Amino acid sequence: MHPLQCVLQVQRSLGWGPLASVSWLSLRMCRAHSSLSSTTCSSPERQEDGARKDFSSRLAAGPTFQHFLKSASAPQEKLSSEVEDPPPYLTMDELLGRQRKVYLETYGCQMNVNDTEIAWSILQKSGYLRTSNLQEADVILLVTCSIREKAEQTIWNRLHQLKALKTRRPRSRVPLRIGILGCMAERLKEEILNREKMVDVLAGPDAYRDLPRLLAVAESGQQAANVLLSLDETYADVMPVQTNPSATSAFVSIMRGCDNMCSYCIVPFTRGRERSRPVASILEEVKKLSEQGLKEVTLLGQNVNSFRDNSEVQFNNAVSTNLSRGFTTNYKAKQGGLRFAHLLDQVSRVDPEMRIRFTSPHPKDFPDEVLQLIHERDNICKQIHLPAQSGSSRVLEAMRRGYSREAYVELVHHIRESIPGVSLSSDFIAGFCGETEEDHVQTVSLLREVQYNMGFLFAYSMRQLSKRSVTDLCGRNDGNLKVIFPDAEMEDVNNPGLRVRAQPGDYVLVKITSASSQTLRGHVLCRTTLKDSSENC
Ligand code: 5AD
Ligand code: SF4
């Protein structure tokens with residue numbers, strides 16, 4: 001699908017139907033109190049019915065002028081323990097979990113395990129309880145992964161099982177709510193809501209703070225979504241809840257997102273731009289873990305060693321970044337900030353008897369300071385994950401990795417000289433677009449040459465931002481609603497008899513035949529102009 005502007009003949013019967021349900025984010029800016037009370041119906045179905053009506057009428061009434069005045073006032077620092085004011089269409093009572101039991105299920109990488117604890121920490125503060133028994137749950141949240149097709153297929157299959165659970169649920173219990181969190185929510189967005197009608201909540205990786213509101217909206221029987229990515233969300237103030245009191249190790253998230261744009265990878269699109277958590281808040285968490293007696297901390301991030309804390313102005317100097325020799329970036333060189341070497345130094349000083357690891361790094365960000373520190377400090381583990389992805393320079397270029405095989409091998413030698421006895425591991429992708437047998441042989445030869453301690457091997461899985469139909473086109477009507485229609489031949493009103501196909505920038509007349517909560521669908525009638533359509537429609 002490619003975007004087209006379109007003039008649309010919207011059927012009257014559709015009216016404003018699609019706008020009646022809560023749509024993306026349209027309401028999330030409002031933060032003032034509602035004076036309306038919550039529903040008091042006793043049975044869960046009646047309660048839900050009443051709640052829906054009550055909620056819809058509050059939604060229709062919308063925020064008042066006072067609400068806007070309040071949200072326009074100067075922003076104030078909020079303490080994490082403070083309970084947020086509810087948006088105007090929700091009461092405080094609705095925003096709280098009311099002892100509903102949440103079952104969280106995690107898929108994918110360690111970042112997702114950490115995100116699960118962040119989501120839980122936010123929900124716990126809001127009055128939800130956690131359960132490890134699926135049958136007991138009132139809310140089921142899946143923290144999802146999009147990195148390969150197989151990861152997503154697992155979630156679709158799981159959703160089918162949960163659908164059965166939802167339909168079998170006795171009417172005497174409150175309705176079961178299902179939420180998709182994380183990368184898959186971000187990649188597929190409304191496709192999930194449209195395809196799986198029983199999904200109530202969608203929350204992208206930067207929207208977990210909004211979970212209490214999204215669940216409150218879902219309580220009224222409407223689907224709710226927030227897939228906004230942020231430039232600065234690091235959840236620095238949300239300490240993950242330590243779920244296992246006898247644990248001896250923990251993960252500490254230090255940065256989120258990725259700016260590298262490797263051509264095979266969906267992560268920059270699902271997790272957004274790179275941003276780092278302030279050093280002080282990381283040290284605070286590590287100190288707490290040390291006091292609790294933990295013996296190992298793993299610093300966590302999509303590109304952990306690209307860490308750059310820009311929160312303190314005095315460190316935002318013009319000193320440019322040292323990359324590993326022979327490595328380049330896909331983005332404009334960044335400057336200043338407190339870098340990974342500084343953080344690693346500080347973290348390793350917190351408790352000399354606490355081991356420090358980090359994952360997952362990018363090979364481009366191993367300047368000598370980092371290698372030296374790993375060598376010097378007894379408590380920094382001599383273990384480096386160095387994802388190569390391929391042993392063929394030709395494939396590495398197509399992958400936009402920013403290094404050649406030769407530069408990578410030179411880095412390996414340099415690391416081994418700087419940190420004798422270091423353990424190395426790597427990720428590899430086989431079957432990338434255009435990869436030949438010769439390229440593959442080079443990957444195998446790199447594996448033999450480096451002699452890694454561990455390797456993670458993946459079959460290439462093609463990722464797109466969202467599944468787009470090759471036979472459908474998409475445009476927006478005057479009211480800015482998305483309209484989807486099949487790519488078909490049509491008449492051009494300016495050239496009667498001429499059959500044309502719509503091109504980007506064309507105005508077309510579309511007859512609307514159906515609507516979902518987010519989009520209209522129809523079929524194309526003719527190519528037109530704004531003037532002609534206003535005169536003849
Ligand atoms: N197909 C297969 N493997 C992938 N990875 C990332 N994207 C893809 C993809 N589209 C692998 C890379 C990365 C690891 C976390 O997952 O090897 O380092
Ligand atoms: Fe983690 Fe990557 Fe999967 Fe997202 S896509 S959950 S970052 S492995």
Side-chain angles (χ1 to χ4, degrees), residues 106-115 143-156 182-184 186-188 205 251 253-272 274 298-306 324 327 329-330 357-366 383-403 405 407-408 411-412 423-435 439-440 442-444 446-447 450 452-468:
T106 316
Y107 296 81
C109 63
Q110 194 57 47
M111 284 300 285
N112 274 8
V113 177
N114 201 69
D115 277 15
V143 185
T144 63
C145 174
S146 276
I147 202 148
R148 283 170 287 273
E149 181 70 34
K150 199 163 163 257
E152 287 190 354
Q153 196 48 55
T154 313
I155 307 288
W156 290 121
C183 293
M184 206 170 148
E186 196 63 53
R187 189 178 93 83
L188 296 174
F251 289 87
S253 167
I254 66 161
M255 56 85 67
R256 296 174 77 85
C258 173
D259 284 351
N260 292 320
M261 299 284 176
C262 301
S263 55
Y264 54 81
C265 191
I266 193 74
V267 170
F269 304 97
T270 57
R271 290 202 162 248
E274 238 169 68
T298 304
L299 305 177
L300 205 57
Q302 256 96 33
N303 287 282
V304 78
N305 54 338
S306 310
S324 313
F327 285 66
T329 57
N330 286 329
R357 298 182 194 276
F358 54 90
T359 192
S360 176
H362 193 287
K364 74 173 163 36
D365 282 312
F366 277 111
Q383 173 223 342
I384 293 181
H385 185 59
L386 207 62
Q389 311 301 357
S390 171
S392 151
S393 293
R394 204 184 68 80
V395 173
L396 287 169
E397 198 180 337
M399 288 177 165
R400 290 163 52 87
R401 289 290 289 172
Y403 54 85
R405 176 194 174 112
Y408 180 90
L411 176 65
V412 167
S423 297
L424 293 181
S425 57
S426 181
D427 292 344
F428 287 95
I429 298 177
F432 186 64
C433 313
E435 185 179 318
D439 294 318
H440 183 69
Q442 287 192 38
T443 298
V444 177
L446 183 69
L447 276 161
V450 177
Y452 297 98
N453 294 76
M454 180 94 84
F456 302 88
L457 316 174
F458 306 103
Y460 172 61
S461 164
M462 183 142 90
R463 308 289 49 220
Q464 286 173 330
L465 254 191
S466 162
K467 277 206 191 106
R468 283 164 183 256

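It should be emphasised that the depicted structure is a prediction, and the values quoted were computed from it without experimental measurement. The first residue in the sequence is number 1, and the count goes up from there. In listed order, ligands and their atoms are each counted from 1.
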Checklist entry - Should you measure from each heavy atom of Ala459, which atoms of ligand 1 turn up under 4.0 Å away? => result 1 (N), 2 (C)
Item to check | Tyr452 ring center near Phe428 ring center (under 6.0 Å) | outcome: yes
Checklist entry - Numbering the atoms of ligand 1 from 1, which are under 4.0 Å from a heavy atom of Gln389? => result 12 (C), 13 (C), 17 (O), 18 (O)
Checklist entry - Taking N or O atoms only and a 3.5 Å limit, does Arg148 qualify as a polar contact for ligand 1? => result yes
Checklist outcome for this item: To the nearest 0.5 Å, atom CZ of Arg148 lies from atom OG1 of Thr154 at 10.5 Å
Checklist entry - Atoms of ligand 1 less than 4.0 Å from Arg463 heavy atoms? => result 10 (N)
Checklist entry - Should Leu386 and Phe366 count as side-chain neighbours, where that means a heavy-atom distance under 4.5 Å? => result yes
Next on the checklist: Check the orientation of Phe327 and Tyr403. Use parallel for under 30°, tilted for 30 to 60°, and perpendicular for over 60°.
Outcome noted: tilted
Checklist entry - Is Ile147 touching ligand 1 with its side chain, its backbone, both, or neither, if touching means heavy atoms under 4.0 Å apart? => result both
Item to check | Part of Ser360 within contact of ligand 1 (heavy atoms, under 4.0 Å) | outcome: neither
Item to check | Proximity of Tyr264 to ligand 1 by residue part, where a heavy atom lies under 4.0 Å | outcome: both
Next on the checklist: Less than 3.5 Å apart, any donor N or O on the side chain of Asp365 or Asn303 sitting next to an acceptor on the other?
Outcome noted: no
Checklist entry - Quick one: does Ser393's side chain have a donor or acceptor within less than 3.5 Å of a partner on Arg405's backbone? => result yes
